[in-house]
Visitor: 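This is the structure I have questions about; it appears just below.
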Protein chains: 2
Amino acid sequence: MSRRSGILEFAVLGLLRESPMHGYELRKRLNTSLGVFRAFSYGSLYPCLKSLVAQGWLTEEPGSAPEDVRAASRAGRRAKIVYRLTAEGKEHFEELLSHTGPESWEDEHFAARFAFFGQTSRDVRMRVLEGRRSRLEERLERMRASLARSRERLDDYTLELQRHSMESVEREVRWLNELIESERTGRSRRDGSAPQHTSGDTGGRPRERGGSRTDPSDDTAK
Amino acid sequence: MSRRSGILEFAVLGLLRESPMHGYELRKRLNTSLGVFRAFSYGSLYPCLKSLVAQGWLTEEPGSAPEDVRAASRAGRRAKIVYRLTAEGKEHFEELLSHTGPESWEDEHFAARFAFFGQTSRDVRMRVLEGRRSRLEERLERMRASLARSRERLDDYTLELQRHSMESVEREVRWLNELIESERTGRSRRDGSAPQHTSGDTGGRPRERGGSRTDPSDDTAK
DNA sequence: TTCGTCATGTAATGGGTTACATGATTAC
DNA sequence: GTAATCATGTAACCCATTACATGACGAA
């Protein structure tokens, strides 16, 4: 029930794969590190977490940090809840990662997929990138057609808006071209020779930078 | 009730201000001419039209085209329904046009506002453009901060995604700068002496070939 | 006469937000 | 001791989509 769907679920699993976290922090990561893709509210995050627990993909544990332990020892206290991916959850996430459907190239899905390319096998990355590209090319085609058809009767602003949008899409296509090229030659374009894990199974998880608990400037700042 | 809200309502009123139309055509315009901003489905359009009628901003009339007249003369036929803006509707739209709140600079609202700049007074245009710009600059600021804070622990793909997003936002800011400048000097950039936008132009975009009236590619092409 | 497109609609559902309610911890 | 921020949740609502249902019109 209530398949708190697609992208949020996916992102949550993906983030928890890297390390266990509690809800609040999860949301911050959703909005900043992985940022750019839409800011989710607690109103969607917590129910989503509940449902993932219910499906056996996550476990809820009381936080183990000193203050949580203290808190737990006293009566009736609500400690942080740390969510951890279960084995089944991990498996499920791999499955999601390897599945490429036509939704994968839609704007929001694509960003989410891309954000976890680090854990994605090369051929899936290729499919997603190419799918996205042809999606955008279609869109471009339609925009050109509609523009050609109605250029005369549109005012300057509308025209300018369309021009700018098309330019943005064209830019993204060029970006994808570069990425696809990099994938093909096997090189990541901005450090010399970073070894990429090719398999679905990530060998080296990005090093856990445990330290500073400070971390200001989180919120959506709506 | 059911305030089929904001952007759809706004766009519908704006399009009908230019000329009366029936629902089907309205949707096409929403998705193409005004395109780019999200494709609405009939499931939202028709109820929205109903509600606008209920509020006295639109009237429903049977279509006046020959085939509609013929249709109407026979019994029990459903003819096209042409929607026309009422005086109150026009007034209401003007009001919406002149109102600038903080929602006006959000992505979707902004596109809709911009699309009707042709009917918007210069000072409102200015406010909207400048509001949008500072909105984006905030966003940029946050992105930079979050990037600086966490550069080390992010993998290449996440980094690349953020870099690309930031670049897009920066581009939009430059675009807004140009537009604001044009507004200030009172010139529409691209007639007269066409000083050409400075931005990265595609080397030779394929020039649109001729006028085949075949008109494919209307629908969302999901 | 059938197929594609024009044309209008509704019910169920989805996926999310806002606003609210609650309380702990930290910094000053 | 009080304000800010950390932290967790829920209920009511919102806006839109999907899938469905209906039917006309033109062309092959």
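In what follows, chains carry the letters A, B, and so on, assigned in the order in which the sequence lines appear, proteins first and then strands, with residues in each chain numbered from 1.
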Visitor: Atom OH of B:Y42 to atom P of D:dT22: distance rounded to whole Å?
Guide: 19 Å
Visitor: How long is the line joining CZ of B:R27 and P of C:dA7, in whole Å?
Guide: 13 Å
Visitor: Counting side-chain heavy atoms from C-beta on, which of C:dG16, C:dA7, D:dT10 comes nearest to A:P47?
Guide: D:dT10
Visitor: Once you round it to whole Å, what is the distance between C1' of C:dT10 and CG of B:L45?
Guide: 14 Å
Visitor: With heavy-atom distances below 4.5 Å as the criterion, would you say the side chains of A:F110 and A:L176 are in contact?
Guide: yes
Visitor: Tell me: CD of B:E25 to P of C:dT5, nearest whole Å?
Guide: 17 Å
Visitor: Could you check how far OH of B:Y46 sits from P of C:dC6, rounded to whole Å?
Guide: 12 Å
Visitor: In whole Å, I'd like the distance from the CG atom of B:L52 to the P atom of D:dC15.
Guide: 13 Å
Visitor: Who are the ring-ring contact (aromatic ring centres under 6.0 Å, His included) partners of B:Y83, not counting sequence neighbours?
Guide: none
Visitor: Given A:L58 and A:L85, is the side chain to side chain contact (heavy atoms under 4.5 Å, CB included) satisfied, shown in steps?
Guide: CA-CA 5 Å; A:L58 302 185; A:L85 206 56; 3.5 Å; yes
Visitor: For B:E91, does the CD atom sit with more than 12 other heavy atoms under 6.0 Å from it, leaving out its own atoms?
Guide: no
Visitor: Is the phosphate of D:dG9, meaning OP1 or OP2, less than 4.0 Å from a side-chain N or O of A:K50?
Guide: yes
Visitor: Atom CD of B:E9 to atom C1' of D:dC14: distance rounded to whole Å?
Guide: 14 Å
Visitor: Is any side-chain N or O of A:S44 closer than 4.0 Å to OP1 or OP2 of C:dG15?
Guide: no
Visitor: Give the nucleotide from the list D:dA7, D:dA16, C:dA7 with an atom nearest to the side chain of A:H22.
Guide: D:dA7
Visitor: Using the C1' atoms of five pairs at each end, what's the angle between the two axes of the helix from C:dT1-D:dA28 to C:dC28-D:dG1, to 10 degrees?
Guide: 30°
Visitor: Can you figure out which of D:dG9, C:dG16, C:dA7 approaches the side chain of A:I81 most closely?
Guide: D:dG9
Visitor: Please identify each residue that fulfils salt bridge (charged side-chain N to carboxylate O under 4.0 Å, His left out) with B:E130, with sequence neighbours left out.
Guide: B:R184
Visitor: Would you indicate, yes or no, if C:dT17 has its OP1 or OP2 atom less than 4.0 angstrom from a side-chain nitrogen or oxygen of A:S41?
Guide: yes
Visitor: Can you tell me the distance, in whole Å, between the OH atom of A:Y24 and the P atom of C:dG23?
Guide: 18 Å
Visitor: Decide yes or no for B:L161 and B:H164: does some side-chain heavy atom of the first lie under 4.5 Å from some side-chain heavy atom of the second?
Guide: no
Visitor: Is a salt bridge present between A:E172 and A:R135, judged by a nitrogen-to-oxygen distance below 4.0 Å?
Guide: no
